[in-house]
Amino acid sequence: MLEISLPAHPPFSLAEVAESHGWVQLPPFEWHADIGLLSRVERLSSGQVVELRVCEHSDGVQVEVADELLQAEEQEVVDKVDWMLQLDQDLSPFYILTRDEPRLAHLEQAAKGRILRSSILFEDVVKTILTTNVQWSGTIRMVASLVDGLGSRLPDEPSRSAFPRPERIAEADEAALREVGLGYRAPYVLELARSVASGARDLEGLKSTDIPTDELRQRLLTIKGVGDYAAASLLMLLGRYDFVPVDSWARTMVSREWYHGEPVGDAEVQAAFEDWGAWKGLAYWFWDWR
DNA sequence: TTCCAGGGGTAGA
DNA sequence: TCTACCCATGGA
C-alpha cells in the first residue's frame, strides 16, 4: 500500500473539485460523496493498471495505491493527480473580483473554482466530443462503453477499466466504434486517436502555458468534432477562461436571466460575461442562477 | 410521433 | 462570414 500526501493551494475542497462538473460521473472516475473518496482507474506509462484512491487530507489530498510502484511510477501518479485536481491553482485574483458580485461572492469561502480534468488531454477531448449534440445520459453511455470495450482492465477488479489509450482506439475500425455507440462521432474519435498515436498531433503539448489562448483555441478547432463549444470547454479545462462554452443550458439561463426568456444566440451569452475578461468562462461556470 | 440534446462538418452563397 | 442541411441515437 502506497500513501502519498499532496498539498493544495488554499482554499481547497476535494468535493468541490469532484462536483465541479459532470466528468466525475464518467468512468474511469468514481465519486463516493458519502465518504469523500474520488477513485479512478489509471493505466501508467509502464503498462501497470492501478486504482488511485484520493481523499481530502489536512491541507490537500492523500492518494492511496494498493500496488507497489517504482519511483518513476509514483512520480507519474503525483503528476497526474496534481494535474487532475489543479492542486496548485491560485484563484485569488478571481476571488477578489467575485467579492462584488452576489452571484459569485460565495466561491472563495466554499473553495469553488477548480475544475476536474482527466489525466491526459486526449481523454478530455474525446469526452468533450462525446458531449456534443447528445443528452448527458447519452454521453455517459458512450463513454462507459468506450472504457469497458477498449480500456485496460484493473487486475483486481476487472469490471473496471482505465480510459483507452489513443493507440488502442487507433487500432479499432470505424464500424467497431459505431457499434460501441458513438454514432456519427466515431470517425472524429478515430481520426483523433490515430493522429495522436502516430505522433502527428501532440495534445499533451497543448497544456503548456506558453501558448497564447487564441492560438491554443485555433489549434483545438483543427480537431474534427471540436467546434466553438467544445473548444471553449477544453480551454476551461486548460485553465483558460476567455470564452464561455455556450450550449443549450447556457442559452436557456442567459435568456431567462437577462432577455426575458427571448431566444439568445452565442454572441449574447458571451456578451453577458464580457466584463469578466480573462475570468469569463469561470464566472459563467460557477454563476449562481438561483 | 416528433423534437432535440452539454454541436459540428460541409457545401454553397 | 453566414445559412441550410445533414449527422446517430435515445429521452422526453
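Every chain is numbered from 1, with letters handed out A, B, ... down the list of sequences.
Residues from residues 176-183 of chain A that place a heavy atom under 4.0 Å from any atom of DNA chain C, listed by number: Arg178(A), Gly183(A). Of the residues in residues 18-32 of chain A, those placing a heavy atom less than 4.0 Å from an atom of DNA chain B are Gly22(A), in numerical order. Residues of residues 223-230 of chain A that place a heavy atom closer than 4.0 Å to DNA chain B, in numerical order, are Ile223(A), Lys224(A), Gly225(A), Val226(A), Gly227(A), Asp228(A), Tyr229(A), Ala230(A). At a non-hydrogen distance threshold of 4.0 Å, nothing from residues 114-129 of chain A comes into contact with DNA chain C.
Mapping heavy-atom proximity under 4.0 Å, the span of DNA chain B touched by chain A runs 5' to 3' from dA5(B) to dT10(B).
Looking only at atom types and distance, the side chain of Asp79(A) has a donor-acceptor partner in the side chain of Gln75(A) under 3.5 Å away.
Nucleotides dT2(B) and dG6(B) are separated by 22 Å at their P atoms, to the nearest Å.
At a threshold of 4.0 Å, the pair Glu123(A)-Arg40(A) counts as salt-bridged, since one of the basic side-chain nitrogens sits closer than that to a carboxylate oxygen. A salt bridge links Lys207(A) with Glu204(A): the distance from a Lys NZ or Arg NE/NH1/NH2 to an Asp or Glu carboxylate oxygen falls below 4.0 Å. A salt bridge is defined here as a Lys NZ or Arg NE, NH1 or NH2 lying under 4.0 Å from an Asp or Glu carboxylate O, and Asp148(A) with Arg153(A) meets this definition. With salt bridges taken as basic N to acidic carboxylate O contacts below 4.0 Å, none links Asp173(A) and Arg178(A).
A heavy-atom distance below 4.5 Å is not found between the side chains of Ile120(A) and Trp83(A). With a 4.5 Å cut-off on side-chain heavy atoms, Asp242(A) and Arg217(A) do not count as touching. For the pair Leu146(A) and Leu177(A), the minimum side-chain heavy-atom distance is below 4.5 Å. Using a 4.5 Å heavy-atom cutoff, the side chains of Gln89(A) and His9(A) are not in contact. Here the side chains of Leu44(A) and Leu69(A) are in contact, with some heavy-atom distance below 4.5 Å. Within the 4.5 Å cutoff, the side chain of Trp136(A) has heavy atoms near those of the Gln25(A) side chain. No side-chain heavy atom of Glu73(A) sits under 4.5 Å from any side-chain heavy atom of Leu2(A). You'll find the side chain of His57(A) stays beyond 4.5 Å of the side chain of Leu6(A), heavy atoms only.
Across Phe273(A), Phe243(A), Trp249(A), a single residue satisfies ring-ring contact (aromatic ring centres under 6.0 Å, His included) together with Tyr284(A), and that is Phe273(A). Among the candidates Glu51(A), His32(A), Glu30(A), Glu64(A), the single residue satisfying the side-chain hydrogen bond (donor to acceptor under 3.5 Å, both in side chains) test with Ser39(A) is Glu51(A).
Taking the ring centre of Trp23(A) as origin, the terminal cationic atom of Arg117(A) falls outside the region bounded by 6.0 Å and 45° from the ring axis.
Atom pair Glu174(A):CD and dA8(C):C1' shows a separation of 12 Å (rounding to whole Å applied).
Ring planes of Phe94(A) and Trp276(A): perpendicular class, angle over 60° (limits at 30 and 60°).
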With 3.5 Å as the limit, what N/O pairs link the protein to nucleotides 10-12 of chain C?
residue: dG11(C); atom: O4'; partner: Gln135(A); partner atom: OE1; Å: 3.3

